[in-house]
Each structure stands twice: as structure tokens, then as C-alpha cells.
*Asks:* 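This is the structure I want to talk about, given as C-alpha cells.
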There are 2 protein chains.
Amino acid sequence: MTAASLAQDLSAAIHAHRIAPGTKLREDELSDIYSVSRTIVRSALQALAHQKLVDIQRNRGASVASPTPRDAHDVFEARIMIEPQMAQAAAQKAMPDDIAILRQHIADEHAAVLAGDRGQALALSGQFHVEIARMADQSIIAEFVRSLVERSSLIIALYWRKPSTLCESDAHHALLAALASHDGPATHKLMTQHLTDLHSSLDLHMQGSEIVNLKDALRR
Amino acid sequence: MTAASLAQDLSAAIHAHRIAPGTKLREDELSDIYSVSRTIVRSALQALAHQKLVDIQRNRGASVASPTPRDAHDVFEARIMIEPQMAQAAAQKAMPDDIAILRQHIADEHAAVLAGDRGQALALSGQFHVEIARMADQSIIAEFVRSLVERSSLIIALYWRKPSTLCESDAHHALLAALASHDGPATHKLMTQHLTDLHSSLDLHMQGSEIVNLKDALRR
DNA sequence: AGGATGAATATTGTATACAATTAACTCAAG
DNA sequence: CTTGAGTTAATTGTATACAATATTCATCCT
């Protein structure tokens with residue numbers, strides 16, 4: 001188990017909401033669970049801190065990031081500023097293969113929802129957005145979008161109003177259609193609307209996340 | 001000397017072009033120079049790697065990042081995609097204080113050029129762009145722009161065609177005027193032009209950076 | 001001479017010991 | 001009871017020792 005794979009594992013657990021925002025991540029606890037030295041654990045935690053997935057406070061340790069309402073606002077504001085433009089560019093460059101990939105994403109997402117795998121559905125839903133940025137052939141911005149999507153996942157874990165409903169499928173279908181027909185302006189508009197909807201369906205007042213037992217949430 | 005301040009110090013040295021892209025950064029050499037343990041050095045290097053200022057290859061150590069022509073293209077492509085939009089938003093929100101800050105930036109930059117402090121001039125020129133993103137009240141994107149500007153500094157160090165001329169002052173003046181008069185579309189256009197000019201005045205073919213002695217380039 | 005081989009050296013990767021700091025607890029005073 | 005100081009335990013920060021890997025250099029064979 002290397003530092004990178006540990007970070008990957010923790011990241012997956014955070015995104016799947018197996019460990020709640022705010023959960024303390026003590027170094028020797030993690031080093032016990034994964035049977036590595038604290039050196040490795042620290043390295044992984046620092047990497048996750050750079051991705052804003054965990055908070056590190058000097059002499060006070062690490063915990064799963066717990067975005068404030070302000071953070072949530074800022075992240076979605078940024079996405080609304082960037083992603084419609086990327087979607088518009090993607091519509092112009094879209095190749096048949098790209099469309100096929102997106103279609104597959106939607107199908108997988110649908111399957112995950114049916115299987116009741118909320119975490120997987122959310123991950124795929126996010127990847128849909130990253131894939132669009134990649135289609136626009138903007139590798140650096142695509143990476144930035146990926147980081148925003150990751151942070152959004154945490155935010156949704158905290159502030160999503162209706163945990164049951166998964167209402168975005170329609171929006172993704174509409175985006176796919178606009179992309180396939182190379183309609184840049186329509187794609188731009190749809191993406192703006194989609195992100196605005198997402199943002200406005202957050203309840204930035206709710207709080208309170210239960211802290212779970214790490215050994216249970218993480219494998220072994 | 002903490003890890004953060006070491007990273008800051010190295011970052012400044014890189015941006016001031018006191019250590020050239022490609023220069024090897026051996027851990028015990030740095031730990032000697034700064035009189036800290038390798039633990040601290042490693043932490044600082046990892047932080048800089050996240051900022052893409054240094055390259056780390058497993059078992060092969062760290063070196064100052066040496067962006068490829070492809071990297072240079074991607075970075076400026078990203079800036080051209082983002083910054084005009086930010087500038088347009090900034091033009092709408094610009095407050096008198098903001099304008100004053102930008103005016104000061106330009107003055108300082110001019111002074112640095114006259115003083116022959118090329119590194120300082122470049123830094124201030126970059127801050128001008130970051131400040132605009134901040135004016136648009138987009139903290140997250142402002143941070144992203146900051147990272148792009150930092151990478152641009154490295155790229156300019158490698159690929160800038162005419163090391164003597166400092167031709168951007170005019171562009172910044174024009175941008176300032178457009179911002180002050182709240183002319184969004186004009187600001188957007190000027191920023192696009194400015195970045196396009198910058199990009200096209202790079203010579204992506206030149207290579208070859210001399211490796212310098214670290215102890216000389218870094219203090220003590 | 002040119003290239004392969006393998007020791008010797010240099011450099012990075014990881015674990016662990018110890019120091020510094022923070023959090024938890026005890027117990028007495030009000 | 002509650003509050004606070006002082007002590008103990010838990011946790012993170014840093015240095016260092018050792019292991020693993022890469023690089024260098026001398027040597028040998030063709």
C-alpha cells in the first residue's frame with residue numbers, strides 16, 4: 001500500500017459518503033487500519049488536503065473537509081462560470097466516439113440508481129461533467145473541473161435536500177442531445193440551467209453529520 | 001524554518017528565475033542549505049509539486065518543472081478561455097478602490113522595470129491578472145488563475161523570445177481604462193488580445209537551460 | 001574501441017524514536 | 001454542582017536510522 005493508493009482509497013470512501021464530513025482522521029488509527037507507517041499516512045493526508053478533501057490544522061490533525069455554505073456557493077458559482085463555456089466548445093468538437101462515451105455514462109448512472117448504489121451514481125454523474133470538459137480539448141481546465149466536481153460531491157453529501165430523488169438524469173439527456181447535434185448555444189444554455197438547478201436545490205442551512213467508526217467504513 | 005516557508009522561499013527563487021527549469025533539487029542538499037531535516041524538505045517539495053512548480057518522479061527525485069511546449073500551449077489556452085470572462089465580470093463590479101490597486105500595480109511594475117528587476121516586474125505583472133479575477137468576486141477561480149499565472153512565469157522563463165523588451169505595460173494600461181469605465185465587452189476583448197499576444201510572442205522551439213549551483217542561488 | 005557487467009556510491013523511500021503540542025482528566029476551591 | 005489549575009494521556013511534528021532503488025564508474029570480454 002503506497003501513499004497514492006491510500007489517498008485513492010480514502011478519497012473513494014469520502015466520495016461514497018462512507019465517512020462523513022467532519023470525521024477526524026487520526027494518523028496512527030489509519031496506519032493501524034492499513035498497516036503502513038504514519039509517514040505514508042501523512043503523505044496521503046497532505047495530498048488530500050491539496051485537493052480540499054480533508055482539512056489539516058497544524059498540531060490538530062486532519063479531518064474530512066466540511067465545506068461551509070460559503071464554500072458551497074463559491075464552488076457552484078465557479079462551475080456556472082466555467083462549465084457552460086466548456087460545454088459549448090465541446091459541442092463544436094464533439095466526435096461520435098465522445099457521444100458514445102457520454103451515452104454510456106448516462107446508462108451506467110441509470111443502472112447504478114436502479115441498483116440503489118447512490119455513491120456510484122453520484123460519481124458517474126460527476127464524471128459526465130468532467131468528460132465534457134475533456135471533449136473540449138482543454139486538459140488543464142478539465143482537471144480544474146474535475147476538482148470542482150469532487151468538491152461538489154462533498155457539498156451534496158452535506159446539503160442535498162432530497163436524498164431519495166435523483167432528478168438530474170433528464171438534464172444529462174438533454175445535454176447529450178444538444179452536444180450530439182453540435183448546437184453550441186443550446187448546450188451552453190442547458191449547462192447553465194442544469195448547474196443553476198443543482199445549486200438551487202441545495203439547502204445551505206442544514207448541518208449535522210454523524211461521525212462514524214473508521215475501521216468499519218474502511219476495508220479490513 | 002517550516003515546510004511552508006521553505007516552499008515559499010523555493011517558489012520565490014523559481015519565479016525570480018534564480019534557479020532554472022530542470023535544475024535538480026536533491027533532498028539532502030536542500031536540508032544542508034536550510035539546516036532542516038529531509039522530512040521538511042520532502043514536505044515542501046511535495047507541496048510545490050502539487051503547484052506544478054517542481055516535478056517529482058518516484059525514486060528519481062525532484063527538479064524544477066520544465067514545461068513542455070505542449071504545457072505552454074495548454075496553459076495559455078486555459079487562460080484565454082477563463083480570464084477574458086473574469087475581466088468582463090470585473091468591469092461590471094469594479095469599485096474605485098479596485099481601480100486604485102490596479103493602478104498601483106502598474107506603477108510598481110514600471111518602477112521595477114526601470115530598476116532592472118526583471119523578476120519583480122514579472123511577478124507584479126502576474127499579480128495584475130490575479131487581482132482582476134479577485135475583483136470579479138470569484139475566489140475559487142481567482143485561485144485557479146493564480147496557479148495559471150504561476151505556471152506562466154515558468155513558461156516565460158523558458159520560451160520568452162525577447163528577454164529585453166517589456167511590452168505589456170501598454171496592454172495593462174488599456175485594460176485598466178476599460179475596467180474603470182465599466183465597459184465589459186471592451187475589457188473582454190482587450191484581455192483576449194493581451195493573452196493572445198503573450199502566447200504568440202513565445203518561441204516554443206527554443207530549449208536549453210543552464211543548471212546553476214543551488215547554494216549560490218538560495219540564501220546563506 | 002565499444003558495450004556489457006557488476007560492485008561501489010549516491011539518492012530517495014519508509015519506519016521508528018523522540019520532542020512538542022494539544023486534549024482529557026482529576027480533584028480541590030468556591 | 002461548576003469552575004479552574006495542574007497533571008496525565010493522546011496526538012501530531014521532526015529528526016534520524018535503515019532499506020530500497022538508482023546512478024556512477026571501473027573492469028572485463030568480444
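These values consider heavy atoms only, across backbone and side chains, with no hydrogens, waters or symmetry-generated copies. Chain naming here is simple, since letters A, B, ... match the order of the sequence lines and numbering starts at 1 in each.
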*Asks:* Taking side chain to side chain contact (heavy atoms under 4.5 Å, CB included) as the definition, give me every residue that meets it alongside B:Ala123, ordered by chain and number, with sequence neighbours left out.
*Replies:* none
*Asks:* Could you work out, with side chain to side chain contact (heavy atoms under 4.5 Å, CB included) as the rule, every residue matching A:Glu77, not counting sequence neighbours?
*Replies:* A:His73, A:Asp74, B:Gln138
*Asks:* Once you round it to whole Å, what is the distance between P of D:dT11 and CG of A:Asp32?
*Replies:* 11 Å
*Asks:* For the residue pair A:Ile56 and A:Leu45, what are the closest heavy atoms and their distance?
*Replies:* CD1-O, 3.8 Å
*Asks:* With a strict under 4.0 Å distance from non-hydrogen atoms of chain B, what nucleotide opens and what nucleotide closes the contacted stretch of DNA chain C, reading 5' to 3'?
*Replies:* C:dT11 to C:dT14
*Asks:* Write out all pairs satisfying ring pair (Phe, Tyr, Trp, His ring centres under 6.0 Å) with one or both partners inside residues 131-156 of chain A, taking only residues at least two apart or from two chains.
*Replies:* A:Phe144-B:Phe144
*Asks:* With sequence neighbours excluded, tell me which residues meet side chain to side chain donor-acceptor pair (under 3.5 Å) with B:Asp28.
*Replies:* none
*Asks:* Checking B:Ile80 now: which residues fulfil side chain to side chain contact (heavy atoms under 4.5 Å, CB included) with it, not counting sequence neighbours?
*Replies:* B:Leu195, B:Thr196, B:His199
*Asks:* Using nucleotides 7-9 of chain D, report all nitrogen or oxygen pairs with the protein that are shorter than 3.5 Å.
*Replies:*
none

*Asks:* Any salt bridge (charged side-chain N to carboxylate O under 4.0 Å, His left out) pairs touching residues 41-56 of chain A, not counting sequence neighbours?
*Replies:* A:Glu27-A:Arg42
*Asks:* In whole Å, I'd like the distance from the CZ atom of A:Arg26 to the C1' atom of D:dA10.
*Replies:* 9 Å
*Asks:* Can you sort out the partners of A:Asp108 under side chain to side chain contact (heavy atoms under 4.5 Å, CB included), two or more places apart, ordered by chain and number?
*Replies:* A:Gln104, A:Leu124
*Asks:* By a strict heavy-atom criterion of less than 4.0 Å, which residues belonging to residues 40-65 of chain A are in contact with DNA chain C?
*Replies:* A:Ile40, A:Asn59, A:Arg60
*Asks:* Pairs in or reaching into residues 133-156 of chain B: which pass salt bridge (charged side-chain N to carboxylate O under 4.0 Å, His left out), with residues at least two apart or in two chains?
*Replies:* B:Glu131-B:Arg134, B:Glu143-B:Arg146, B:Arg146-B:Glu150
*Asks:* Tell me every residue that passes side chain to side chain donor-acceptor pair (under 3.5 Å) with A:Ser147, counting only those two or more places apart in sequence or in another chain.
*Replies:* none
